[in-house]
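One structure is given below, encoded as structure tokens.
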Amino acid sequence: MSKPSIPKGTRDFGPEEVIKRNYIFDTIRSVFTKYAYQPIETPTMENLSTLTGKYGEEGDKLLFKVLNNGDFLAKANKEALGEMDSVKVVSSISKRGLRYDLTVPFARFVVMHQNDISFPFKRYQIQRVWRADRPQKGRYQEFYQCDVDVVGSNALMYEAELTQIYDEVFAALKIPVEIKLNNRKILAGIAEVAGITNQFVDMTVAIDKLDKVGMEGVKNELVNRGIGADAIAKIETVLAIKDLSQLKIQLADSETGLKGVEELEQVFDYLAVSGGVTNEVNFDITLARGLNYYTGCIFEVKAKNVQMGSIGGGGRYDDLTGVFGLKNVSGVGVSFGAERIYDVMQELELFPDSADASLQLLFIAFDAKAHAFAFNCLAKARKAGLNADLYPEPTKLKKQMKYANDRKAPYVVLIGGNEMESGLLSLKDMESGTQTTLAIDAIIEQLLKS
RNA sequence: GUGGGUAUAGCUCAGUUGGUUAGAGCGCUGGAUUGUGGUUCCAGAGGUCGCCGGUUCAAUUCCGGUUAUUCACCCCA
């Protein structure tokens, strides 16, 4: 008999975990709703043509492909098969793949339903995504993403609004965080004044590693990526700047850079008139973010007092729907890393003990006659709205009591000959151990109050 | 994709410098307690020591391969 198992990078969740995870999702969802975002869902599977080429060459390798049904080999590309060329064969044996993120399916959704949507379209989406990455701590092949985006408006109000959403969610979850803001236009400006506009991506990838490898590490990375010493020196000076007004001087020669500074200033102005935020919101010039479709403001959230990567991120993208044929639709959105938020809350012990209320009252019967009587009482309790249950057979008390204990039932009602005769049932408080005798209606009434 | 660790009871892990009957804690079952759980005590069940091969009189132990898992890197949530 072989032991059952689940695929690499996937997990089972027990009742306790599901309750905690739902607490996170419910909190996030309620804030999204308050800010007037609407929920959508997209299929688990997308056409592979929708997904491929959207995440770079690395991303394509991490896509889960779904094998075609039927005699897929008969229709396979024989030439590619002969050459053992996996990449070529795939396109002839697989036409669908699992969702890799929520942003690309959302872009597809917007394009397909553009005539039914009122812009600006504010949507949120909480669904699973899959990546064939090698699993490691806090990284799985199947995980949830919680995305909130607004498309069809350039208004910087939304950058401020998304910052407020971050602030409000993490305040509600009681996780102290630092929300970092930057603007890709500022980074473009740095590349411009350093004279390496054509190596912009190399520069951002290197800068993104700053808090991990330090300034020396970043400089090494820049050298390795073939960036000249003069440019590196310039980048280093600019990266040391902490406030926006000073940055204007350094970026005076870059129109794009100045635009980025102005945009950020406006976002901060909005936040200032909003009545303030709970968490720290800071401009961080070293924030880069790997994804290259971002074109304006970028966001990242780091939990304080924990060793953990970012627990949220996002930004503005000027042309997300362009690849699907809809031009000039700007969007801005952020994502919550639910799995990491869970780990942080676990580490900081932030989950409320509200716990498992799945069983409030368990009936226990001593014999078959009492069991039938108890089943009647059970129906009354359920009708009154209590989460109640009856042990399925009148077996040994020890066994039944142990079940009540394991299920963390706060109350137990014991029913035997005496109880049936008098109509007064034994209600036991499992925590204190005290026992009282009451009629079933009185028991229900009392528990509904507690 | 690259590199390391680990694999022994349902779970978490000891252990065997290669030797006859394989160890603990927790959990499970039964009993002490015939109408009372969480504490305690007693007893019991449960293992092809991941899989394949090599060395050896003898391998769970050493070696090689393989699979699974885990950690780190690339990348990312």
Side-chain angles (χ1 to χ4, degrees), chain A residues 1-11 14 24 28 55-63 86-87 99-103 126-147 201 204-206 208-209 212-213 217 221 224 288-292 299-303 308-314 333-344 362-367 370 391 394-421 425-435 437:
Chain A
M1 193 175 67
S2 65
K3 289 185 188 177
S5 63
I6 55 174
K8 175 165 58 178
T10 65
R11 294 157 295 164
I24 295 175
I28 291 173
Y55 308 105
E57 209 175 310
E58 284 296 313
D60 284 355
K61 288 183 195 160
L62 301 182
L63 284 174
S86 305
V87 177
R99 193 163 62 213
Y100 178 90
D101 71 357
L102 301 179
T103 308
I126 299 175
Q127 288 190 277
R128 288 172 204 247
V129 302
W130 291 264
R131 294 184 187 177
D133 206 354
R134 192 172 289 203
Q136 56 180 283
K137 195 177 183 66
R139 289 176 58 177
Y140 308 95
Q141 293 201 336
E142 178 184 63
F143 59 98
Y144 271 91
Q145 279 194 338
C146 312
D147 276 21
V201 173
T204 55
V205 170
D208 199 37
K209 295 178 181 170
K212 202 168 193 176
V213 298
E221 180 92 19
N224 291 341
R289 299 205 50 87
L291 296 174
N292 285 316
F299 306 83
E300 193 158 289
V301 182
K302 274 201 74 123
M308 182 77 67
S310 74
I311 53 175
V334 297
S335 182
F336 289 79
E339 319 286 345
R340 284 189 183 172
I341 290 173
Y342 182 96
D343 291 342
V344 168
L362 180 72
F363 287 91
I364 286 177
F366 295 138
D367 52 44
Y391 198 83
T395 180
K396 283 191 203 128
L397 277 210
K398 183 177 169 125
K399 195 164 184 181
Q400 302 197 58
M401 289 298 285
K402 183 168 158 42
Y403 181 75
N405 211 48
D406 291 344
R407 284 290 307 268
K408 298 187 171 69
Y411 293 97
V412 159
V413 167
L414 298 135
I415 301 176
N418 301 341
E419 284 79 0
M420 279 192 290
E421 214 168 292
L425 313 182
S426 301
L427 173 67
K428 180 170 180 131
D429 180 324
M430 290 296 280
E431 203 185 332
S432 67
T434 56
Q435 204 163 311
T437 53

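Residue numbers start from 1 in every chain, and the chains themselves are labelled A, B, ... in the order their sequence lines are given, proteins ahead of strands.
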**Complete:** With both pairing distances under 3.5 angstrom for Watson-Crick or G-U wobble, and | for a partner in another strand, the correct string for RNA chain B is (((((((..((((.....[...)))).(((((.......))))).....(((((..]....))))))))))))....
**Message:** Just to verify, what does A/Y144 make a ring-ring contact (aromatic ring centres under 6.0 Å, His included) with, not counting sequence neighbours?
**Reply:** A/F25
**Prompt:** Who pairs with A/Y342 by ring-ring contact (aromatic ring centres under 6.0 Å, His included), at least two apart in sequence or on another chain?
**Reply:** A/F351
Which value, in whole Å, describes the distance between the [atom1] atoms of nucleotides [N] and [M]?
N      : M      : atom1 : value
B/rA68 : B/rC52 : C1'   : 15 Å
B/rU39 : B/rG4  : C1'   : 45 Å
B/rU16 : B/rC75 : P     : 43 Å
B/rU60 : B/rG27 : C1'   : 25 Å
B/rC26 : B/rU17 : P     : 28 Å
B/rA9  : B/rG25 : C1'   : 12 Å
B/rC41 : B/rG47 : C1'   : 27 Å
B/rU8  : B/rG15 : C1'   : 9 Å

**Request:** Would you sort out whether A/R11 and A/E339 count as a side chain to side chain contact (heavy atoms under 4.5 Å, CB included), showing the intermediate values?
**Result:** CA-CA 11 Å; A/R11 294 157 295 164; A/E339 319 286 345; 2.9 Å; yes
In whole Å, what is the span from the [atom1] atom of [X] to the [atom2] atom of [N]?
X      : N      : atom1 : atom2 : answer
A/K137 : B/rG4  : NZ    : C1'   : 17 Å
A/R11  : B/rU70 : CZ    : P     : 11 Å
A/D343 : B/rC71 : CG    : P     : 11 Å
A/D133 : B/rU70 : CG    : P     : 13 Å
A/D406 : B/rC26 : CG    : P     : 16 Å
A/L62  : B/rC76 : CG    : P     : 10 Å
A/I364 : B/rG38 : CD1   : C1'   : 13 Å
A/D208 : B/rC75 : CG    : C1'   : 11 Å

Counting any heavy atom closer than 4.0 Å, what does [X] reach on the DNA or RNA strands: base, sugar-phosphate only, or nothing?
X      : result
A/S5   : nothing
A/G59  : nothing
A/Y140 : base

**Prompt:** Quick one: is B/rA72 close enough that its OP1 or OP2 comes under 4.0 Å of any side-chain N or O from A/Q136?
**Reply:** yes
**Message:** Strictly below 4.0 Å: does A/K209 bring a side-chain N or O up to OP1 or OP2 of B/rC75?
**Reply:** yes
**Prompt:** Which residue lies toward the 5' end of RNA chain B, A/G9 or A/E142, if each is placed at its nearest nucleotide?
**Reply:** A/G9
**Pairing residues for A/Q400 by the side-chain contact (heavy atoms from CB on, under 4.5 Å) criterion, not counting sequence neighbours** = A/I364, A/Y391, A/T395, A/L397
**Request:** Only counting residues at least two apart or in another chain, list the ones meeting side-chain contact (heavy atoms from CB on, under 4.5 Å) with A/D429.
**Result:** A/Y411, A/E431, A/S432, A/T434
**Request:** Classify the side chain of A/R134 versus the base of B/rU69 as yes if they form a donor-acceptor pair under 3.5 Å and no if they do not.
**Result:** no
Results of side-chain hydrogen bond (donor to acceptor under 3.5 Å, both in side chains) for [X] - residues two or more places apart only:
X      : value
A/D101 : A/Y55
A/S426 : A/E419
A/E142 : A/R128, A/W130
A/N405 : none

**Request:** Could you give me the CA-CA distance, side-chain angles and deciding distance for A/L63 and A/D60, then say whether side chain to side chain contact (heavy atoms under 4.5 Å, CB included) is met?
**Result:** CA-CA 5 Å; A/L63 284 174; A/D60 284 355; 4.1 Å; yes
**Message:** Could you work out, with salt bridge (charged side-chain N to carboxylate O under 4.0 Å, His left out) as the rule, every residue matching A/K402, not counting sequence neighbours?
**Reply:** A/D406
**Request:** Evaluate side chain to side chain contact (heavy atoms under 4.5 Å, CB included) for A/E221 paired with A/V213, printing each intermediate quantity in order.
**Result:** CA-CA 10 Å; A/E221 180 92 19; A/V213 298; over 6 Å; no
**Request:** Evaluate the criterion side chain to side chain contact (heavy atoms under 4.5 Å, CB included) for residue pair A/K408 and A/M430; output intermediate values, then yes/no.
**Result:** CA-CA 9 Å; A/K408 298 187 171 69; A/M430 290 296 280; over 6 Å; no
**Complete:** Going 5' to 3' through nucleotides 31-37 of chain B and flagging B where a protein heavy-atom sits under 4.0 Å of the base, S where only the sugar-phosphate is that close, and - otherwise, we get S---BBB
**Item:** Per-nucleotide protein contact string for nucleotides 45-52 of chain B (B base, S sugar-phosphate only, - none; heavy atom under 4.0 Å)
**Value:** --------
